[in-house]
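Residue numbers start from 1 in every chain, and the chains themselves are labelled A, B, ... in the order their sequence lines are given, proteins ahead of strands.
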Amino acid sequence: MRFSKILLPTLKEVPAEAETISHKLMLRAGLVRKLVTGVYVYLPLGFKILEKIKKIVRAEMNKIGGQQMMMPAIHPVSLWKESGRWDLFSPVMYRLLDNEGRGNTVLGATHEVIITNLVKREIQSYRQLPQLFYQIQTKFRNELRPRFGLIRCREFTMMDAYSFHSTQKSLDETYSAVYEAHKRIFDRCGLSYKIVEADSGPFGGKVSHEYMVLSDSGEDKILICEACGYAANIEKLATQSNSMTTNKEEKKQLPLKEVETINMKTVEEVARFLKVKSRDLIKTLVYQNQEEKLLVLIRGDDELNEVKLKNYLKSSQWTLADEEVVRNLTNAPCGFAGPVKIEGVKIIADYKIKEMCNAVTGANKENYHLINVNPGRDFTVDEYLDLRTVREGEPCPKCKGKFMLKTGIEIDHIFDLGTTYSQALGANFLDDKGVEKPLIMGCYGIGISRLISTIIEQNCDEKGIIWPFEIAPYKVLIVALNYYDQNVKSVADKLYSEFIDLKVDVLLDDREETPGVKFKDADLIGIPIKIVIGKKGLAEGKVEIQERKTNKTEKVNIEEIKNKILSLILSFNT
RNA sequence: CGGGGCGUAGCGCAGUUGGCUAGCGCACUUGCUUUGGGAGCAAGGGGUCCCCAGUUCGAGUCUGGGCGCCCCGACCA
């Protein structure tokens, strides 16, 4: 391709909409343009990169026996309702209204129910199992807050794979084959990443792993053990206080007492005022859904882990109660709630609460707190659970090393779904004894378009993108510095057509721009190998080869250039 | 949806105590010169000042409503 012909609108200045490095570079390098929030146009260069990634994904999925197929973006609502997943997914699904005003269809946010419905009809016997299907397709999700360019979009490209099995052992084998295949995919994409244990969220199932790229532009918090490397999403990680053995200090329980705490609402304010530590307070959170309310107790210095709470409640319909509900329940504004002498509401508490002695809580009375509160004596907890968020520095459950807190971008999430979907949709098979059983299922999802952003995050410098060789939209960029010069033009054109004949992905900068412009753009778009052809060099019979990544520069004779480049490409490929 | 910020040429911005023809840089067009790290000179083109309503002799500027965009939080590949 010739630079003078391709639509490659590089920008000198950063558009105001971009915040993160990858987002800025994607716009500056002319890869994508935003249409509306969370929806992007892929320009020719961006599209080429997307295709490079898809090619790698296809190759690795095919290698483990994956069968590519293509499912529709339009789904019938009825199937979603039948699967029991409608309540969980409907908030992110775009609903379609047909011209008669009927809303019987939605845009697909994920495809478990579609594939399960298909397999239910097409597969009857254990002899047809296992199966591994995948597709690379557009997903539509009405995300609450799209951001960071391609990292969180409302329309995005995903590789989603689904496997079906007659036994757990068979699923485990496929799961680990996919696990390894996905590692190879990300290695080939030039990414460094961490595989973490994760929460399965609304997809259901038990075991799941996320592939996380460590980056400040990430949306997830993960904890990594600095000793053994074990890692988990902070949402998922169980605390070490789960054991029912209590470390309750054998302090003398003092008599309950009410103290005035005017306008002291936050843990910090109350702790400072009463001259105690925040860990001596019991935080009381009121949760509500349509019908009920719930009191959640957590130690003052801990953070509630809402995922753990929602997993326990088995619903995402619960939210933190609003001011009015809190006032009705506690006879006080937010900030003075407590578990003592409160009527008609279930109380659950983190394990740490059980160990507390002479604690401080709200008095359910405006401007008052209680001191010397003791669980068991002053209030009853219906259930103790693991509800707190693990903090940096806490011990690793595997090796007692310490956890470090990092932020990551989730590029892949793989799940052992069990029989969640097959049972809901009645997708069964006959085993070798003729017994009908629900299919055992796995699913595996890579955010393809998100990978573009992620690869840039990890492969750039102050001058621009540095594409990993396999992802690079062009492998070689010929920078013809003085293209108006007949000599330069003929050498550049000849080399260009030779590379095309050799099936080398080559871009020729034949624009009438000054050298500075060409060099800046070359650095920005990050093509791995650059050949600089200029008047001065040619006078000595030389051209220059530069590597984007190492900045290594070599002057070579014109006759040698072709072979030099071919061997350089070979070295990149191995 | 809650909190914060923004909306003026393709991009980055100024102009906002109401005032006459809305400006700067980059980009774009034409010509000449230049050509190894974002060239110079000259001449040009390009604007519903986000939208609607109101106040006013007069609104980019003031008031009200709406829409869009970005950042922080809940959701997730």
Taking atom P in both U61(B) and U16(B), compute the distance separating them and give it to the nearest angstrom. 12 Å
Rounding to an integer number of Å, can you tell me how far F140(A) CZ sits from A77(B) P? 17 Å
Which nucleotide in the list C72(B), C76(B), G37(B) gets nearest to the side chain of F148(A)? C72(B)
R141(A) side chain vs A109(A) backbone, donor-acceptor pair below 3.5 Å: yes
List for me each residue that meets side chain to side chain contact (heavy atoms under 4.5 Å, CB included) alongside A232(A), sequence neighbours excluded, and say none if there are none. E197(A), Y230(A), L237(A)
Would you list the atom pairs, donor with acceptor, under 3.5 Å between side chains in residues 43-57 of chain A and any protein atom, with sequence neighbours excluded?
{"unit_1": "K48(A)", "atom_1": "NZ", "unit_2": "P473(A)", "atom_2": "O", "d": "3.3"}
{"unit_1": "K48(A)", "atom_1": "NZ", "unit_2": "D505(A)", "atom_2": "OD1", "d": "3.3"}
{"unit_1": "E51(A)", "atom_1": "OE2", "unit_2": "K54(A)", "atom_2": "NZ", "d": "3.1"}
{"unit_1": "K52(A)", "atom_1": "NZ", "unit_2": "D505(A)", "atom_2": "OD2", "d": "2.7"}

Is a donor-acceptor pair below 3.5 Å formed from side chain R152(A) to base C76(B), judging by atom type as modelled? yes
In short, salt bridge (Lys or Arg N to Asp or Glu O under 4.0 Å) pairs touching residues 177-187 of chain A with sequence neighbours left out are E60(A)-R184(A), E180(A)-K183(A)
RNA chain B: E544(A) or H413(A), which has the more 5' nearest nucleotide? E544(A)
Salt bridge K489(A)-D510(A), side-chain N to carboxylate O under 4.0 Å: no
From CZ of R141(A) across to P of A74(B) the rounded distance in Å is 18 Å
Side chain of M158(A) - closest among A77(B), G36(B), C69(B): A77(B)
Backbone of L27(A) reached by a side-chain donor or acceptor of R33(A) within 3.5 Å: yes
Could you give the CZ-to-P distance, from R154(A) to C69(B), as a whole number of Å? 8 Å
Side-chain N,O (T37(A)) to OP1/OP2 (C70(B)) below 4.0 Å: yes
Taking 5.5 Å and 30° as the limits, would you call F156(A) and the base of A77(B) a stacked pair? yes
Side chain of E19(A) (C-beta onward), nearest among C71(B), C76(B), G38(B): C71(B)
For nucleotides 2-9 of chain B, tabulate all protein N/O to nucleotide N/O atom pairs closer than 3.5 Å, reporting atom names and distance.
none

OP1, OP2 of A77(B) versus side-chain N and O of R147(A): anything below 4.0 Å? no
Using both distances under 3.5 Å as the test, list the Watson-Crick or G-U wobble partner of U16(B), or none. none
Between G46(B) and G54(B) - P atom distance, rounded Å: 31 Å
Quick check: does any side chain N or O of E544(A) sit under 3.5 Å from a backbone N or O of T553(A), one acting as donor and the other as acceptor? no
Considering only the P atoms, how many Å lie between C49(B) and C11(B), rounded to the nearest integer? 16 Å
Is the gap between the ring centers of F186(A) and Y193(A) under 6.0 Å? yes
Whom does C62(B) pair with, Watson-Crick or G-U wobble, provided both distances fall under 3.5 Å? G54(B)
Among A39(B), C70(B), A74(B), which is the nearest nucleotide to the side chain of E306(A)? A74(B)
Are T514(A) and A39(B) close enough that a side-chain N or O sits under 4.0 Å from OP1 or OP2? yes
For RNA chain B, which residues of residues 190-198 of chain A approach it to below 4.0 angstrom with any heavy atom? none
Got a sec? Which of residues 527-543 of chain A come in under 4.0 Å of RNA chain B, heavy atoms? K530(A), V532(A), G534(A), K536(A), G537(A)
Please work out which of the three classes, parallel, tilted or perpendicular, describes the rings of Y40(A) and H23(A), given edges at 30° and 60°. perpendicular
Can you tell me, in whole Å, how much space there is between the P of G25(B) and that of G66(B)? 39 Å
At under 4.0 Å between heavy atoms, which parts of nucleotides 22-32 of chain B does protein reach? Answer with one letter per nucleotide, 5' to 3': B base, S sugar-phosphate only, - none. ---BSS-----
Pair assignment for C1(B), Watson-Crick or G-U wobble, requiring both distances under 3.5 Å: G73(B)
Toward the 5' end of RNA chain B, by each residue's nearest nucleotide, P15(A) or Y211(A): P15(A)
When you check the phosphate oxygens OP1 and OP2 of C70(B), does a side-chain N or O of K34(A) lie under 4.0 Å from one of them? yes
With sequence neighbours excluded, residues passing side chain to side chain contact (heavy atoms under 4.5 Å, CB included) with K24(A): V14(A), A18(A)
Could you give the distance separating U55(B) and A59(B) at their P atoms, to the nearest angstrom? 12 Å
For W467(A), does its backbone N or O pair with a side-chain atom of N459(A) as donor and acceptor, under 3.5 Å? no
Does A39(B) pair with anything, Watson-Crick or G-U wobble, both distances under 3.5 Å, and if so, with which nucleotide? U33(B)
Please collect all salt bridge (Lys or Arg N to Asp or Glu O under 4.0 Å) contacts where either partner lies in residues 143-155 of chain A, sequence neighbours excluded, each pair once. E143(A)-R152(A), R147(A)-E219(A), R152(A)-E219(A)
Between K555(A) and E540(A), is there a salt bridge with N-O shorter than 4.0 Å? no
Can you tell me which residue among E410(A), E210(A), H209(A) is in a side-chain hydrogen bond (donor to acceptor under 3.5 Å, both in side chains) with N233(A)? E210(A)
In terms of heavy-atom contacts, does CD1 of I348(A) have more than 12 from other residues, nucleotides or ligands at under 6.0 Å? yes
A16(A) side-chain proximity, nearest of C13(B), A77(B), C72(B): C13(B)
Does the structure show a Watson-Crick or G-U wobble partner for C11(B), both distances under 3.5 Å? Name it, or say none. G25(B)
Between G58(B) and C20(B), how far is it from one C1' atom to the other, in whole Å? 9 Å
Shortest side-chain distance from D521(A), nucleotide among C76(B), C75(B), G38(B): G38(B)
What pairs meet the salt bridge (Lys or Arg N to Asp or Glu O under 4.0 Å) rule with one or both residues in residues 445-466 of chain A, with sequence neighbours excluded? D461(A)-R548(A)
With sequence neighbours excluded, residues passing side chain to side chain contact (heavy atoms under 4.5 Å, CB included) with D485(A): N482(A), N487(A), V488(A), K535(A)
Please report the distance separating the P of C70(B) from the corresponding atom of U33(B), rounded so that it comes out in whole Å. 47 Å
Per the atom types in the model, does the base of G36(B) pair as donor or acceptor with the side chain of N482(A) at under 3.5 Å? no
Assess the side chains of Q135(A) and D160(A): does a donor N or O sit below 3.5 Å from an acceptor N or O? yes
Under 3.5 Å, which N/O atoms of the protein pair with N/O atoms of nucleotides 46-52 of chain B?
none

At under 4.0 Å between heavy atoms, what does I409(A) touch on the DNA or RNA strands: base, sugar-phosphate, or nothing? nothing
Axial cation check for Y421(A) ring with R85(A), 6.0 Å and 45° limits: yes
Taking the same atom, C1', in G40(B) and in U21(B), what whole-Å distance lies between them? 30 Å
